[in-house]
Amino acid sequence: MPSISNTKEVQSSKLKAQSAVCPICKGAGYLVKDVPFGHPDFGQLYPCQCKIEELEARRLSDLQDLSQLGELSRMTFQSFKPEGIGLNTQKRENLRRACERATHFAQESVGWLVLKGGYGCGKTHLAAAIANHRIADGQPVLFVVVPDLLDHLRATYAPTSQVSYDERFEQVRAAPLLILDDLGTQSSTPWAQEKLYQILNYRYNARLPTVITTNRELEEIDLRLRSRLVDPDLAEIVTILAPDFRRSGVGQDQSELSSLSLHGDKTFQTFDLRAHELPRGEHENLKRAFAIAKGYAESPVDWLVFTGPYGCGKTHLAAAIANYRQDRGYSALFVVVPDLLDHLRATFSPQSLVSYDQRFEEVRNASLLILDDLGTQSSTKWAQEKLFQLFNHRYNARLPTVITMQESVEEFEKTNPRLSSRILDFSRCTIFAIIAPSYRGGVRPQKRRSHRRKG
């Protein structure tokens with residue numbers, strides 16, 4: 001192995017600026033190999049180990065300055081609540097598994113980890129916890145919110161910038177561990193899409209450890225980026241089902257769509273069978289509806305449809321099913337059909353914080369869906385199409401669904417043939433018509449009998 005000698009010109013200039021010098025390079029920072037003339041390395045400068053360490057320390061310092069972990073240093077695995085706050089069994093187990101997967105990635109940062117979920121579900125906390133864990137172990141990490149990252153790149157074009165665009169871009173794309181928070185919230189300009197693609201494509205080809213969080217459905221993300229995110233050989237996608245933890249308190253596990261909190265008093269215990277009010281036939285009919293609802297709540301399979309006049313008890317029974325399931329740790333989405341369509345329309349507003357696809361996906365894949373007052377919605381072509389898409393998906397997937405409607409099935413079939421075609425499959429749907437009249441409380445007043453006067 002050839003010996004290494006100092007470069008005198010570099011040495012003399014460096015020695016003037018340094019009082020403490022490296023014993024190897026004598027403060028020059030660079031060395032040349034002692035090789036004969038004509039060798040490829042002859043006269044070439046090579047950084048000394050002290051210079052390499054200096055450059056690495058500077059690189060780590062730049063990464064720390066660029067990173068946005070200052071305010072997120074409190075977000076650790078110790079401060080994360082894997083049980084959530086008031087979550088049902090399904091979502092609590094889902095959040096616990098997400099925490100376990102993030103913890104494992106922090107210990108062995110290999111491949112890509114994509115954390116997907118709604119606002120406030122905990123994905124940023126887990127991503128920051130990974131970063132803080134690695135930093136505590138002395139490992140370099142770059143944590144940056146995607147819109148801010150693009151701002152940092154744009155800022156390098158300013159004449160006053162202390163760093164060039166190429167330097168900043170290289171810091172990001174080659175970071176030993178890159179954590180991109182809130183992918184999908186950036187402006188979708190061609191420039192922004194191109195920069196993100198260049199970063200992710202480089203890291204994809206180099207297989208550099210990367211964590212990405214997003215509240216978008218993958219179908220909403222640019223196809224070029226999505227193709228990298230869904231590669232099973234490199235990336236793992238973890239979907240977090242927990243709702244916004246900031247909405248703590250009673251019913252915080254309920255979707256914004258759900259109006260079940262308004263029906264908290266509607267349980268099987270509070271249901272009045274109206275034994276002292278109804279004639280025998282109507283009373284037996286109501287008892288049968290109660291028994292069917294109770295059995296369905298214990299084991300919800302396929303579809304259950306209650307028809308009957310306003311106030312007959314069908315909404316109470318539907319809400320009782322939902323409350324029964326939630327009390328036992330399962331999720332249930334209770335929504336009035338006209339309100340559901342309003343929620344879907346609202347996603348088209350520029351101010352909407354949730355996309356149409358996210359909202360529709362939440363409904364059509366709900367583990368238990370209760371649709372109250374079907375038939376009272378506006379019968380526009382758009383409304384009919386959305387409801388059919390919803391019905392058709394849940395019918396084919398055999399997802400538990402409870403429907404209440406005032407019309408009889410025969411009447412509904414005349415005005416909604418496509419929807420009724422799913423309801424009328426008796427191998428998958430139980431239909432029960434409640435014949436009891438509207439409940440008014442107390443005993444129904446008896447009709448007065450007319451008495452003729454004799455004589």
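Numbering starts at 1 and runs along the sequence shown.
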[atom2] on [Y] to [atom1] on [X], rounded to 0.5 Å:
X: Arg168; Y: Leu153; atom1: CZ; atom2: CG; result: 8.0 Å
X: Leu115; Y: Ile212; atom1: CG; atom2: CD1; result: 9.5 Å
X: Asn416; Y: Ser421; atom1: CG; atom2: OG; result: 10.5 Å
X: Ser331; Y: Leu241; atom1: OG; atom2: CG; result: 8.5 Å
X: Ile435; Y: Glu284; atom1: CD1; atom2: CD; result: 10.5 Å
X: Asp339; Y: Leu257; atom1: CG; atom2: CG; result: 9.5 Å

Any donor and acceptor pair, going by atom type alone, linking the side chain of [X] with main-chain N or O of [Y] inside 3.5 Å?
X: Glu277; Y: Arg274; answer: no
X: Asn201; Y: Tyr197; answer: no
X: Gln193; Y: Pro190; answer: no
X: Asn132; Y: Leu72; answer: yes
X: Asn396; Y: Asn392; answer: yes
X: Thr214; Y: Leu183; answer: yes
X: Ser299; Y: Tyr296; answer: no
X: Asn323; Y: His263; answer: yes
X: Ser164; Y: Glu167; answer: yes
X: Ser408; Y: Glu411; answer: yes

Whether [Y] and [X] form a salt bridge (side-chain N of Lys/Arg under 4.0 Å from carboxylate O of Asp/Glu) is what I want to check.
X: Arg134; Y: Asp137; answer: no
X: Arg359; Y: Glu362; answer: yes
X: Arg224; Y: Asp222; answer: yes
X: Glu93; Y: Arg96; answer: yes

So which heavy atom on [X] is nearest to which on [Y], and how close?
X: Arg203; Y: Val172; result: NH1-O, 3.6 Å
X: Ala242; Y: Asn94; result: N-OD1, 4.4 Å
X: Ala436; Y: Pro309; result: O-CG, 3.5 Å
X: Pro209; Y: Leu177; result: O-CD1, 3.5 Å
X: Ala127; Y: Ile179; result: O-CD1, 3.4 Å
X: Leu368; Y: Pro300; result: CD1-CB, 4.5 Å

Phe105: ring pair (Phe, Tyr, Trp, His ring centres under 6.0 Å) partners, not counting sequence neighbours: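 Not a single residue meets the ring pair (Phe, Tyr, Trp, His ring centres under 6.0 Å) criterion with Phe105.
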
With the side chain counted from C-beta on, respond yes when [X] and [Y] share a heavy-atom pair under 4.5 Å apart, and no when they do not.
X: Pro437; Y: Leu278; answer: yes
X: Ile321; Y: Leu304; answer: yes
X: Phe80; Y: Met75; answer: no
X: Thr189; Y: Leu150; answer: no
X: Trp112; Y: Glu236; answer: no
X: Leu390; Y: Val363; answer: yes

Applying ring pair (Phe, Tyr, Trp, His ring centres under 6.0 Å), which residue pairs with at least one partner in residues 383-427 are found, sequence neighbours left out?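 For residues 383-427, and leaving out neighbouring residues, the ring pair (Phe, Tyr, Trp, His ring centres under 6.0 Å) pairs sorted by first residue read Trp303-Phe391.
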
Applying ring pair (Phe, Tyr, Trp, His ring centres under 6.0 Å), which residue pairs with at least one partner in residues 169-193 are found, sequence neighbours left out?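 Counting only pairs at least two positions apart or across chains, the ring pair (Phe, Tyr, Trp, His ring centres under 6.0 Å) contacts touching residues 169-193 are Tyr165-Phe169.
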
Any salt bridge (charged side-chain N to carboxylate O under 4.0 Å, His left out) involving [range]? Give me the pairs, sequence neighbours left out, ordered by first then second residue.
range: residues 294-304; result: Lys294-Glu298, Asp302-Arg398
range: residues 74-88; result: Glu83-Arg92
range: residues 307-329; result: none
range: residues 372-397; result: Glu385-Arg418

Glu100 vs Thr103, side chain to side chain donor-acceptor pair (under 3.5 Å): CA-CA, chis, key distance, verdict: CA-CA 5 Å; Glu100 289 177 353; Thr103 303; over 6 Å; no

Under the side chain to side chain contact (heavy atoms under 4.5 Å, CB included) rule, what do Ser259 and Phe334 come out as? Steps first, then yes or no, please. CA-CA 6 Å; Ser259 56; Phe334 183 103; 3.5 Å; yes

Whether Tyr324 and Phe268 hold their rings parallel, tilted or perpendicular, with breakpoints at 30° and 60°: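 Perpendicular.
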
Can you name the side-chain contact (heavy atoms from CB on, under 4.5 Å) partners of Thr415, sequence neighbours left out?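 Thr415 satisfies side-chain contact (heavy atoms from CB on, under 4.5 Å) with Glu407 only.
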
Identify, with sequence neighbours excluded, every residue that meets side-chain contact (heavy atoms from CB on, under 4.5 Å) alongside Ser161.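 Applying side-chain contact (heavy atoms from CB on, under 4.5 Å) to Ser161 gives Thr156, Val163.
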
Run the side-chain hydrogen bond (donor to acceptor under 3.5 Å, both in side chains) test against [X] and tell me which residues pass, sequence neighbours left out.
X: Glu413; answer: none
X: Gln351; answer: Ser349
X: Thr270; answer: Thr267, His316

Evaluate the side chain to side chain contact (heavy atoms under 4.5 Å, CB included) criterion for residues Leu399 and Leu369: first the C-alpha distance (whole Å), next the side-chain angles of each, then the deciding distance (0.1 Å), finally the verdict. CA-CA 8 Å; Leu399 293 172; Leu369 176 64; over 6 Å; no

I need the single residue from Ile130, Thr213, Ile237 that forms a side chain to side chain contact (heavy atoms under 4.5 Å, CB included) with Leu113. Which is it?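 The side chain to side chain contact (heavy atoms under 4.5 Å, CB included) with Leu113 is passed solely by Ile130 among Ile130, Thr213, Ile237.
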
Could you go through the side chain to side chain contact (heavy atoms under 4.5 Å, CB included) check for Thr404 and Thr307 one step at a time? CA-CA 6 Å; Thr404 76; Thr307 68; over 6 Å; no

Check against side chain to side chain donor-acceptor pair (under 3.5 Å), Asp425 and Ser427: CA-CA 5 Å; Asp425 182 351; Ser427 66; 2.5 Å; yes

